[in-house]
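To keep things clear, I will list the structure first and then write my remarks on it.
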Amino acid sequence: MPSNDARTLLQAVVPTAAAGVIAAVISGVVAGGKGAIGALVGALVVIVFMGLGQLVLIRTAKSLPQLFQAMGLMLYVAQLLLLLIFVAIFKDTTLFNPKAFAIALVVSTVVWMAAQARAHMKAKIFYIDPESAPGSKGSGTSERDEKTGSSS
């Protein structure tokens, strides 16, 4: 994974994990131990779903760049539907507090998206690959050498 992709992923995971810990503390105070567990599970689900989605997008961008935008839109819709299904499945659970779980899930999702948007805005990613540009110093030959056939 290139450093830009890893950096973007890390810049989204860290704030989301911090928001999950804060949600767990608040839920623990308000709803007890089951509230804290629910908030942690909610944050963990978001980190796993969104992290896997980010990895899929990275792989798609490398292998099928023409499908990147469509894949991104489809992936985000699928992630939101999966999160909704996950909430529906666990709405009557006794393992943790479902309200704390749902609130932490929503908060963690918003934090993930905001952090990911911030990471992309701050990233310094070339839109032209300087190594493959004709006449660049890294290519070994200059444009003039290619035209004349001579070497300097």
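Everything numeric here is computed off the predicted structure, so don't read it as measured data. Residue numbers start at 1 and run along the sequence shown. Scope of the values below: all heavy atoms of this structure, side chains included, with no hydrogens, waters or symmetry mates.
Under the 4.5 Å side-chain criterion, counting only non-hydrogen atoms from C-beta, T8 is in contact with Q54.
The minimum heavy-atom distance between L95 and T93, with the atom names listed, is N-OG1, 3.1 Å. For S27 against A39, the heavy-atom pair with the smallest separation is OG-CB, 3.7 Å. In terms of heavy atoms, M71 sits closest to V56 at CE-CG1, 3.7 Å. The minimum heavy-atom distance between G53 and Q79, with the atom names listed, is CA-NE2, 3.3 Å.
Under the 4.5 Å side-chain heavy-atom criterion for ILVMFWY residues, no single connected hydrophobic cluster contains both V45 and V106. Under a hydrophobic-cluster definition in which Ile, Leu, Val, Met, Phe, Trp and Tyr are linked whenever side-chain heavy atoms come within less than 4.5 Å, directly or via other members, V46 and L55 are assigned to the same cluster. Hydrophobic cluster membership differs between I22 and L44, with clusters built from Ile, Leu, Val, Met, Phe, Trp and Tyr side chains linked at under 4.5 angstrom. Both F86 and I37 are members of a single hydrophobic cluster when ILVMFWY side chains are connected at heavy-atom separations under 4.5 Å. Hydrophobic clustering of Ile, Leu, Val, Met, Phe, Trp and Tyr side chains at less than 4.5 Å, counting indirect connections, unites V87 with L83.
Atoms CD1 and CG, on I85 and L80 in that order, are 11.0 Å from each other to the nearest 0.5 Å. Distance OG1/T109 to CD1/I47: 10.5 Å, rounded to 0.5 Å. Considering CE of M113 and OG1 of T16, their distance stands at 10.5 Å, rounded to 0.5 Å. Note that CG of L9 is 12.5 Å distant from CE of M50, once rounded to the nearest 0.5 Å.
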Residues 96-103 side chain polar contacts: donor-acceptor under 3.5 Å, at least two apart:
unit_1, atom_1, unit_2, atom_2, d
N97, OD1, K99, N, 2.9
N97, OD1, A100, N, 3.3

